[in-house]
Every structure is written in C-alpha cells, then in structure tokens.
Amino acid sequence: MLIAKFSAIFCMAIRTALQRQRLQGAKNLDEMRYHWPANNPEWEKSLINFNDYYYFAQVVENSGITAASKVLGLPKSKLSRRIAELEARLGARLIQRTPRSFLVTELGSEFYEHARKMMLEARAAETAVKRRLVDQTGTIRLSSSPTVSRLCFAQIMPAFLRNFPNTHVKQEVLNRPADIINRMSDLFILSHEDTLDDSTMIQRRLLIEPRHLVASREYIAHSKSPTGPDDLMSHQMLATSETSTQIRWDLTETSTNRQSCQCLTPRLASNDIFAVAAAARAGAGIAALPASVCGDDIRTGELIHILPEWTAGATMVSALLPSKQGVLPAVRALLDHITEQLPPIVAALHPHRQAARATQ
C-alpha cells in the first residue's frame with residue numbers, strides 16, 4: 001500500500017513537471033490554457049491581472065475605495081472585491097481600511113510604486129504607437145530581392161532618406177521569394193517569375209519587366225547568331241533556375257504577339273541572376289535577363305541584345321505588406337516612393353529605349 005501511494009505521488013510529480021515544461025514553451029495564453037487541466041486553481045493563481053494593479057493605484061491616489069470607484073465608474077462593491085482578491089493572491093495586506101480611516105501599509109506603498117511605474121510605462125507604450133501612427137518616423141524593416149536592392153539603394157533610397165530625415169531603413173536581401181516566411185519585415189519588394197501564392201499578405205504589383213536574350217560579343221563571334229527562336233536549340237543556354245534539367249522558355253514576338261515555346265536544357269543554371277549575367281558577359285552562352293540586370297551591359301557593349309524583336313518571359317516586381325491594418329505612415333511613404341520611382345528607372349534601362357536615345 002505504501003508503494004502504491006508513493007507511485008501515485010511520483011506520477012503526480014512527473015505530470016506537474018511536464019505541465020510546467022510545456023508552459024515554459026507555450027507561445028501565448030491559449031497554449032498555456034491548453035496545457036493546464038481544466039478548473040485547476042494553480043492555473044488561476046498563476047495569472048496576473050494587470051487591471052487589479054491599475055485599480056489599486058487608483059485607490060491609493062484617490063485615498064480610498066469610495067473616491068476611486070467614482071473616478072473609475074465602477075461599483076464600490078466590485079472595486080473592493082478586486083482589491084481583496086489582489087491581496088489574497090499576493091498573500092499580503094496592502095491597505096488598512098475601516099469606516100473612518102484609510103491607510104496604505106508599508107508593503108502596499110512599495111507595491112504602489114511598482115504599479116504606478118507600470119501604468120506610466122503602459123501610457124508611454126500607447127503614446128509611442130500613436131505617435132508612430134501619425135508621424136513618418138522610426139525604423140522601417142525592408143526585405144527585397146537582389147535586383148530590387150541594387151536599384152533601390154543606388155537610385156531610389158537616397159532621395160527617400162533626404163525627404164524623410166527622421167526615418168531609418170534596415171534592409172535585408174532575400175534570395176528567394178519563399179524566404180519571406182522566415183522574415184519579420186514591414187515591407188517586402190520582390191522580383192519573381194511565378195505568381196506569389198502567399199495569400200496572407202497584401203500584394204501590390206509594381207511592374208512587369210520583360211526578359212531579353214543577351215550574349216557577349218565573344219560568344220557571338222565564335223557561334224552563329226540565332227535568327228529565330230528555333231535556332232536557340234543549338235546554342236549554349238544560361239538559365240536562372242535551381243535545376244539544370246530541361247526548362248520551358250516561352251518567347252513572344254513583341255510586334256505580332258506570336259508565341260514560340262522552346263524546351264531547352266541549360267548549360268549553366270543558377271538561382272543567382274547576377275551569376276548568370278556574369279557568365280553571359282564572360283562568353284558562356286545566351287541568357288534571358290530583365291533590363292534591370294542587363295540594361296547597363298547592353299549600353300556599354302558588354303552584352304549584345306539577341307533576337308531584339310522577341311522577349312523570353314517576364315519578371316514581375318511586387319510589394320507585399322504583412323497586413324492591411326496598422327501600416328505605419330513611414331512604411332506607406334516608402335512604398336509610395338518606390339511605386340512612383342521604380343517603373344521609370346526600369347523603363348529607362350530597356351534596350352529599345354537606349355537605342356532610341358543613342359540615335360538622337
């Protein structure tokens with residue numbers, strides 16, 4: 001019988017230890033409730049009701065429960081009960097009250113100082129949030145794709161920082177759109193080929209940028225320049241992809257909108273678009289790149305625009321916000337600035353636009 005009693009106590013201790021361990025790993029109040037058994041008095045005792053701290057501070061500052069109940073708009077009996085429950089949970093007398101006197105105990109005075117500071121911090125927290133919701137200030141956490149980062153920081157961000165001197169920007173590069181699930185940012189600006197499937201975020205399409213076929217002069221000098229999409233089958237192709245297996249390229253003739261589907265096996269495939277561009281400049285083959293990546297190289301002559309009447313798919317640039325609610329003014333100002341400035345900057349890099357400028 002003694003062994004059975006010991007076993008029961010031991011099992012209870014193990015269950016309690018496991019419950020406490022789960023509580024430590026709980027992320028929120030609901031998870032904590034899940035791990036505690038129903039109607040457990042220890043669970044009720046473990047909760048801190050910060051309203052009681054506020055009520056107690058009001059009682060002290062108004063020198064009694066009667067005056068505090070009028071200020072708070074609460075029944076005197078309810079306020080008295082809440083103070084009594086607070087004292088019971090703490091296991092200490094905070095105030096001495098009689099029909100003719102009201103005194104705060106030594107412990108009550110010490111507790112009041114902490115409660116008062118807590119109320120001040122709570123008001124300061126609310127003030128900080130309200131100020132950020134009105135003023136274009138604070139730090140913006142921005143995550144963006146490498147191509148967007150290069151354009152933003154070189155040509156867009158300096159003007160924004162001049163216009164908003166009280167705003168700071170902390171930017172992080174995302175190599176893949178899927179990486180957004182691991183980031184806590186106020187704003188995402190992503191370049192992508194496929195439709196983004198994260199429906200939990202608010203999306204805004206900023207631009208659609210066609211991809212151009214380009215190669216180096218050295219490569220064209222040693223290989224016959226293609227005269228049409230079908231000729232690409234005999235060339236060394238470079239692809240922005242994570243796989244080196246066969247890739248479908250959907251080409252469009254811009255003047256007639258005629259389509260040509262080419263299934264090609266790239267000689268070099270990489271998810272780093274700048275690595276693909278570097279390989280094209282070095283003469284490794286033909287690549288399909290957006291103007292934001294290859295425009296300057298075409299202008300300087302490092303890359304030649306192959307089949308200029310055709311495009312090889314498109315790259316989309318989208319802005320994503322974690323939520324429609326509570327967007328800070330500084331974040332909205334940055335989004336509006338990028339939305340206004342990015343399309344004309346990318347358009348100026350278009351090979352046809354550069355050719356037109358060169359002939360003027």
Side-chain angles (χ1 to χ4, degrees), residues 27-30 50-51 53-54 116-192 194-209 290-292 314-349:
K27 298 177 182 178
N28 52 49
L29 195 62
D30 291 333
F50 289 106
N51 287 330
Y53 287 54
Y54 174 67
R116 183 181 65 84
K117 292 176 182 178
M118 187 185 71
M119 293 301 109
L120 291 175
E121 287 297 323
R123 293 191 184 99
E126 283 198 7
T127 301
V129 171
K130 291 177 180 177
R131 184 169 61 246
R132 288 288 304 277
L133 291 175
V134 175
D135 300 334
Q136 294 167 331
T137 60
T139 299
I140 302 172
R141 298 170 299 177
L142 170 66
S143 295
S144 56
S145 300
T147 52
V148 177
S149 298
R150 188 174 71 167
L151 289 172
C152 284
F153 274 81
Q155 303 183 55
I156 297 177
M157 203 61 70
F160 175 79
L161 295 177
R162 285 193 299 270
N163 294 335
F164 299 93
N166 296 323
T167 299
H168 300 77
V169 178
K170 181 180 179 182
Q171 190 265 350
E172 182 181 19
V173 173
L174 297 181
N175 291 319
R176 300 180 306 166
D179 291 340
I180 62 176
I181 61 175
N182 300 320
R183 300 294 187 276
M184 286 292 293
S185 294
D186 301 307
L187 176 63
F188 297 87
I189 307 292
L190 305 178
S191 59
H192 53 99
D194 300 320
T195 302
L196 297 173
D197 57 2
D198 191 339
S199 60
T200 62
M201 290 194 175
I202 308 303
Q203 300 182 23
R204 180 195 294 184
R205 182 70 50 77
L206 302 184
L207 59 90
I208 299 177
E209 188 180 3
S292 56
T315 294
M316 295 166 280
V317 178
S318 301
L320 290 86
L321 293 168
S323 173
K324 185 183 294 186
Q325 304 297 327
V327 179
L328 299 178
V331 175
R332 192 169 296 280
L334 178 57
L335 175 57
D336 292 342
H337 183 75
I338 294 175
T339 301
E340 178 185 357
Q341 297 295 322
L342 186 60
I345 289 175
V346 172
L349 294 171

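Numbers here simply count residues along the sequence, with the first being 1.
- Between atom CD1 of residue Ile156 and atom CD1 of residue Ile345 there is a gap of 4.0 Å, rounded to the nearest 0.5 Å.
- Judged by distance alone, the side chain of Arg141 and the main-chain N or O of Val169 form no donor-acceptor pair under 3.5 Å.
- Looking at heavy atoms from C-beta onward, Thr167 lies in side-chain contact with Phe160 at the 4.5 angstrom threshold.
- In this structure, the side chain of Glu172 does not engage the main chain of Ser144 through any donor-acceptor pair within 3.5 Å.
- No hydrogens or angles considered: nothing links the side chains of Gln171 and Ser143 as a donor-acceptor pair under 3.5 Å.
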**Study point:** Derivation of the side-chain contact (heavy atoms from CB on, under 4.5 Å) call for Val331 and Leu321
**Key:** CA-CA 9 Å; Val331 175; Leu321 293 168; 4.0 Å; yes
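- Atom CG of Leu187 and atom OG of Ser185 lie 8.5 Å apart (nearest 0.5 Å).
- The closest side-chain heavy-atom distance from Pro146 to Arg150 is not below 4.5 Å.
- Remark: Met201 CE to Leu190 CG distance equals 8.5 Å, nearest 0.5 Å.
- Within 6.0 Å of the OH atom in Tyr54, the count of heavy atoms belonging to other residues, nucleotides or ligands does not exceed 12.
- Separating the CG atom in Leu174 from the CD1 atom in Ile189 is a distance of 11.0 Å, to the nearest 0.5 Å.
- Here CD1 of Ile140 is found 10.0 Å from CG of Leu335. Values are rounded to the nearest 0.5 Å.
- Asp186 places none of its side-chain heavy atoms less than 4.5 Å from the side chain of Thr139.
- Atom CE of Met316 is separated from atom CD of Gln203 by 10.0 Å, given to the nearest 0.5 angstrom.
- With hydrogens and angles disregarded, no donor-acceptor distance shorter than 3.5 Å links the side chain of His192 to the backbone of Thr315.
- Checking Val346, Leu207, Thr147 one by one against Val317, the side-chain contact (heavy atoms from CB on, under 4.5 Å) holds for a single residue, Leu207.
- Between Pro343 and Ile338, the closest heavy-atom pair is CD-O, 4.0 Å.
- With sequence neighbours excluded, the residues forming a side chain to side chain donor-acceptor pair (under 3.5 Å) with Arg204 are Thr339, listed by chain and number.
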